[in-house]
Amino acid sequence: MSNFWNLYIITIVILSLLGLSFFIYFLRKIDSSVSENEVLKHSFDDNNIKELNKPLPRWWYLCFWLTIFFTFFYLILYPGLGKYPGLLKWTSIKQWEFEIDEAKKHYEPIFSSYMNQQIEDILKNPKIMKSGQGLFLRNCSVCHGSNAKGSIGFPNLTLDFWRYGGSFDDIKDTITNGRTSIMPTMGKILVSEDSINEVANYVLYLSNSNYDKDVYLKGELKFKGICSVCHGLDGKGNKLIGAPDLTRGIRIYGNDLKSIKDTIRNGRIGVMPSHKDILSKEEIHLLTAFIYSLNKKS
Amino acid sequence: MIKKKIFYLYESRKIIHPSIVDGFLSRLRNLSLNLFLFIYFLLPWLNYNGRQAILLDLINRKFCFYNFIFWPQDFYLLAFLLIILAFGLFTFTVYLGRIWCGYICPQTSWVYFFMYIERLIEGDYNKIVKLNNEKINLEKIFKKFLKNFLWIFISFITSFTFIGYFTPINDLFYLIADEPIDSWINILIVFFTITTYFNAGWLREQVCFYMCPYARFQSVMLDNNTITVCYDYNRGEPRGKYIKNETRIIGDCINCLKCVSVCPTGIDIRDGFQMECINCGACVDACNDVMKKISFKNGLIRYTSENDLKGKKNLILRFQLVGYFLILLLFVFLFLYFFITRIEFDANISKDRNSLYYEIDNNIICNDYFIKITNMSNFKKTYKIEVIDNECFNYLENKIAFISSGDLLLLSIQIQKKIEYINNNKTNIYFKISDLSNKKSIKFVKSVFIYNKI
């Protein structure tokens, strides 16, 4: 606020206060030709509604002064006169911080008590799981879907199918630090569209899906030569680098031949963002327990 | 030339100390006012099935009346109830004037209660005036202290009872003692104590004059057929002093001013019907008393209508009154209808906001929904959820839901449809939620299934 606006506001506030006091004081009595309890000259609704000249109670007059005095003390204690912060130094940010602190005081012990409990006990407690679900809905459901079933490009969390490991600590690590997984572009290495088709059919063969029996064997050699570096010779993947298990027929980028060919030709990059700075340790613990519980049910 | 003079827009208040009056109407009024006080103080202490029978639990949004529990979803019932109360008031006002103010209104109840205490300690109105004019002495200090102490005590009980409608009253003592300073309950109790003390002890008729909105709009509803307290000016005028054994050639009013001295709002009813009149009938009793003593006929001041006094016929079945009454009946009927057909659970379905739809396999499209079921009954209940659509499959992991009384269950439901069955981008889909213990409680909720078919 510049000095001009500062003075401008102070002037307006003080002038209106003075003006109001002036009106209240000097308009407490009037000159009139109509005396008390007589009908005033104006009328409404074709002379059907008339007004008597009746005085108001004196305590109304005192109430007007009371509001003026209230304003006076309010302006001393709270910000109202331009830049003057008031004796209480109240700001909306301080009020917000105060309320956040109050909420923290209330919720932090509850969350940290989960840290000390056995994981099995947490999983059995429906109340804790409900607040875990709340955390999930607020933070994870944008990508993984409200019921954690994922969609194309985002993994389903309810199938017990994990690329980076499904133990409690693995899931916690995934949430805390995030993951970036890369399927490299294979189009140039495999050269021809035919060889891409062969490898794709071999991948389908690995998961016992419908595959072209004429070409898949040609793909086997190429798979074992190139793809097995990450996915393993048997196609079971590698949890250390996040290479998915190809034998279970669960693929986040689609299960049909066309999608698999796309994946091989152009590669994929998947990112799970790190939640270290977004959620507290206790919240991540609770969230992990919730996601862990989704798989243990089935 | 018009003569001008200065006068003040604000007048200081005339303190009113009405004197006691006895008679049929006064007894009736005391009976009804005391009855309402009694009901007010009694209700929160009643119990039903181990809980407070009447409890408006604002924090848990649960409103108990004996075996009925109401929830915020039932608030339309409150709207009907308020309309019923309003039209009840209108009907009575058109027919009998401001009868509510004189006989039922809580403000009048507490003012009469407080005046009773005042009379008990300081005596009748002339003794009160005498005491007020005395210089400060020990007796005056003692009486004033005792009076105000009792007033505050009654105010406290009133406010305590009031809070008891919203917080379990049996625990209220502990709640007050638990956190004496920093608790909302105590702040509210102090607030209502102060307002009761000032309203009934000091402001009294000023509340009716300048604060109460009902008094204003009730005045507008009166017409010439309305039965109100009236002074029979045909019989009374001209007024004159009563002289024993003299043939009276002037009117019956003997100017004894009894009607003025008993009036709780300090008006003279003989000036005609006035804005301040609360239709309490104290002046009727006082006047009848005097008339009886001097063996005149009763009813110089009586409940009658303006038309009656003018000698015209009093119309009872008039458009305004019959109209209000019919609307009142209509809303009583509607209230009962909605109350009886009320379904004791609430089901809400919203489409998931995260994704419009998604594909899980080649040909299968999924939509997600959230179902919220609130059990609004007194018991634990089982609910069945179905989808009325033959083309959907694999839809429910949770077909049956157990929900305890007053709980809300949030279910996430995935509905799958084969792509060849989807004809439109948007298909309506209906969920049927039924309470298994009651065949009549079934709710159908509509939602949409979305897929962008290219």
Roughly how far apart are A:N147 CG and B:Y369 OH, rounded to 0.5 Å?
12.0 Å
Around A:Y78, counting heavy atoms of other residues, nucleotides and ligands shown, do more than 12 lie under 6.0 Å from its OH?
no
In short, ring-ring contact (aromatic ring centres under 6.0 Å, His included) pairs touching residues 132-158 of chain A with sequence neighbours left out are A:F136-A:F290
Can you say whether B:M275 sits under 4.5 Å from chain A via the side chain, the backbone, both, or neither, judging by heavy atoms?
neither
Part of A:I252 lying under 4.5 Å from any heavy atom of chain B
neither
Can you tell me if B:Y214 has over 12 outside heavy atoms packed within less than 6.0 Å of its OH?
no
B:I59 CD1: over 12 foreign heavy atoms closer than 6.0 Å:
no
Interatomic spacing from CZ in A:F64 to OH in B:Y10 - rounded to 0.5 Å:
4.5 Å
Drop me the distance from A:L56's CG to B:F209's CZ, to the nearest 0.5 angstrom.
13.0 Å
Turns out that what part of A:K130 lies under 4.5 Å from chain B's heavy atoms comes down to side chain
Can you confirm whether more than 12 heavy atoms, excluding those of A:H106, are under 6.0 Å from its NE2 atom?
no
What I'd like to find out is whether the side chain of B:Q206 reaches to under 4.5 Å of the side chain of A:P57, using heavy atoms alone.
yes
As an exercise, state the distance from NZ of A:K149 to CG of B:D368, rounded to the nearest 0.5 Å.
8.0 Å
Is B:R216 atom CZ crowded by more than 12 heavy atoms from other residues, nucleotides or ligands, each under 6.0 Å away?
yes
Does any backbone or side-chain atom of B:F370 lie under 4.5 Å from a heavy atom of chain A? Answer side chain, backbone, both or neither.
side chain
Count the heavy atoms of every other residue, nucleotide or ligand shown that sit under 6.0 Å from OH of A:Y205, and state whether that count exceeds 12.
no
